[in-house]
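Encoded as structure tokens, the structure appears first; notes follow it.
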Amino acid sequence: MQSLWNEAEAARAGGSPLGLRVYSSRLLGQEPSLVLHGGGNTSVKATIPDLFGDPVDVLYVKGSGWDLAAIEAAGFAPVRLEPLRRMAELERLSDTDMVRWQRAAMLDPAAPTPSVEAILHAIIPFDFVDHTHADAVVAVSNTPNGLERIGAIYGGDVVVVPYVMPGFVLAKAVRDLTRTVDWSRCRGLILMHHGVFSFGPDAKTSYQRMIELVTQAEEHLRVQVGWTGDPLVRPESATPPAPDRLRSLATLRNAVGRTRGGPVIARTESTGVARAFADRSDAAAVAGRGPLTPDHVIRTKPLPLVAAGEWNEAVAGYAERYHQYFTRHRERETELDRAPRWVVWPGQGSVGIGTSVKDAEIVLDIARHTARAIGWAESLGGWRALPEADLFDVEYWELEQAKLKAGGASPPLRGKVALVTGAASGIGQAVALGLWRHGAAVVATDVRREVSTEFAKPDLVGLEIDATDQAAVVRSVEETVNRFGGLDIVVSNAGLFTPSQPLAEMDPMVWDRSLTLNLTSHLTLLKAAAPYLALGFDPAVVIMASKNVPAPGPGAGAYSVAKAGLTQLARVAALELGKLGVRVNVLHPHAVMDTGAWTPEVLAARAKAYGMTVEQYRTNNVLGVEVTTRDVTEAVLALVGPAFRATTGAQIPIDGGNDRVI
Ligand SMILES: [Zn+2]
């Protein structure tokens with residue numbers, strides 16, 4: 001493994017021990033073969049003054065919930081060293097007491113809760129301590145003769161620690177094992193089935209030792225199984241698979257979400273190691289032997305689901321097996337949900353499932369590293385992870401579950417997938433952003449190219465799509481399902497106010513153009529989306545019509561007729577799709593002033609035409625309010641949410657009140 005240490009950068013990180021601690025922690029965090037998503041922890045011992053200027057020995061240890069890759073000084077909790085060392089001498093210490101007394105020993109009560117390994121860091125007699133879950137080391141230890149292999153690789157200058165539960169028990173085990181150890185001759189600790197500790201008098205020594213220890217395991221793999229050192233990169237998303245595969249994916253998402261109790265995001269990975277693993281004839285057998293390191297079980301559950309289709313039965317079977325596993329170990333505790341997080345889909349690859357794109361991606365990252373490590377270990381004589389009782393203890397360990405709960409209440413649309421058309425500007429743009437801010441994963445489409453640069457986040461994606469191009473619209477729906485696993489919300493908003501022309505002078509081209517975009521394109525979208533919406537969670541369609549439907553204006557025939565047709569289309573869709581549980585409702589916005597259509601010139605001209613000031617014209621409605629894209633967005637959010645769970649076929653004006661309609 002390559003050392004990333006750079007003297008110039010280290011110097012810039014500052015001369016202080018904490019500055020260097022941040023620097024080398026980030027170096028570890030940058031390497032996914034060492035730690036993944038919150039895994040691992042680091043510390044530095046220092047003497048700092050308290051409020052009265054008296055020196056205090058502290059352990060700055062990684063705070064729970066921080067990721068090494070992005071850690072800052074504030075991510076380290078300063079805990080008095082003395083109480084931590086004394087805790088290691090106790091016969092027993094409950095998790096609750098450990099957390100409480102560690103927090104009580106902190107110099108800064110606003111700092112994060114110290115890592116569960118704080119006591120272990122405290123008893124290692126070096127200033128810098130680094131801990132990772134290095135793939136190569138753990139993979140070698142996860143084999144039938146792992147202990148001998150580890151012994152042969154490292155010789156006598158590391159301490160090998162048999163697996164015990166992380167936290168106090170592990171600190172105690174290390175304490176007992178090292179009573180007679182000469183630390184000055186020791187390069188590190190190898191924790192069987194778990195990871196590696198390195199240490200040293202300075203940041204560089206501790207970091208370089210970690211790299212050395214990992215490199216030794218990699219060399220073993222190079223000789224034994226042809227390890228190449230190629231980085232394990234996340235493949236770019238591939239083109240959508242065939243529609244039958246997408247239907248199957250949406251069915252899987254539906255089955256998993258129902259088992260879990262709410263909507264989920266399903267991300268697929270169909271190339272590289274994920275695909276190779278899924279295509280192993282013994283995938284179910286080897287994946288059934290447990291995870292790479294126990295820390296992963298809170299993300300992936302102890303086992304993946306290995307199945308190819310028939311998802312309802314497969315997920316039900318998984319849930320039943322999970323329940324049996326739970327009852328085998330401890331009936332009295334509350335059972336966590338029984339839904340799989342990682343699905344191995346033969347012929348396809350891996351599916352990562354979470355309540356956000358980020359969580360689903362974390363599952364895929366762990367799955368990729370696990371699949372690769374299983375490959376190595378199988379070549380070394382067989383993958384042998386921990387017994388399920390140990391996995392259960394970690395999965396149901398309150399200190400691990402606390403990591404997932406950090407971050408507060410989840411937004412209302414978390415786990416939902418939305419598609420918004422006409423989203424490059426105006427109402428569509430505001431709605432796409434609103435749905436995303438409320439937690440949904442969103443695909444935003446528009447005929448204008450800028451939509452793809454405007455929306456370029458993992459969970460908010462812009463696609464350049466011409467709503468009147470039927471094949472492109474179908475593709476946009478398939479791309480949405482391919483990216484996020486399904487579809488729950490469609491906001492059919494693409495439209496255009498065609499030039500004013502009296503019927504007697506109507507240009508047939510203008511008429512056709514309005515009908516094609518303002519009416520027919522919505523049918524194309526509904527048709528493409530319906531089979532996926534039927535598999536969605538409280539699926540809802542919002543059709544953007546117009547005040548011109550209940551109150552048409554002279555000269556706006558092409559527009560008003562198309563929008564009236566669109567409203568009728570929505571009503572029929574409400575009747576037909578209602579049988580599938582899909583709600584279809586209509587909004588009639590009017591004079592939404594903060595959109596590109598209402599330039600100051602247009603506003604001035606319209607106001608003049610009505611003999612009003614611009615100010616009067618802006619608020620020319622019963623309530624005397626200015627109608628904005630925010631009002632339309634709020635209405636969409638309400639319509640797709642639980643407030644309108646029992647409403648379909650409704651038409652709601654967003655116009656400040658129109659006396660021709662009321
Ligand atoms: Zn660990």
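Both ligands and their constituent atoms are indexed starting at 1 by order of listing. None of the values given here were measured: they were computed from a predicted structure.
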Are Arg86 and Glu89 close enough for a salt bridge, meaning some N to O gap below 4.0 Å? no
The single option from Val306, Val286, Thr370 passing side chain to side chain contact (heavy atoms under 4.5 Å, CB included) against Phe277: Val286
Note, the Zn ion (ligand 1) has protein N, O or S atoms under 2.8 Å numbering 3
Restricting to pairs with a member in residues 12-36, which pass salt bridge (charged side-chain N to carboxylate O under 4.0 Å, His left out), not counting sequence neighbours? Arg21-Asp130
When you measure from the side chain of Lys172 to the backbone of Leu90, do you find a donor-acceptor pair of N or O atoms at a distance under 3.5 Å? yes
Donor-acceptor contacts under 3.5 Å from residues 69-78 side chains, at least two apart:
none

Give every residue pair that meets the ring pair (Phe, Tyr, Trp, His ring centres under 6.0 Å) criterion with at least one member in residues 113-146, sequence neighbours excluded. His121-Phe197, Phe126-Phe199, His131-His133, His131-His194, His131-Phe197, His133-His194
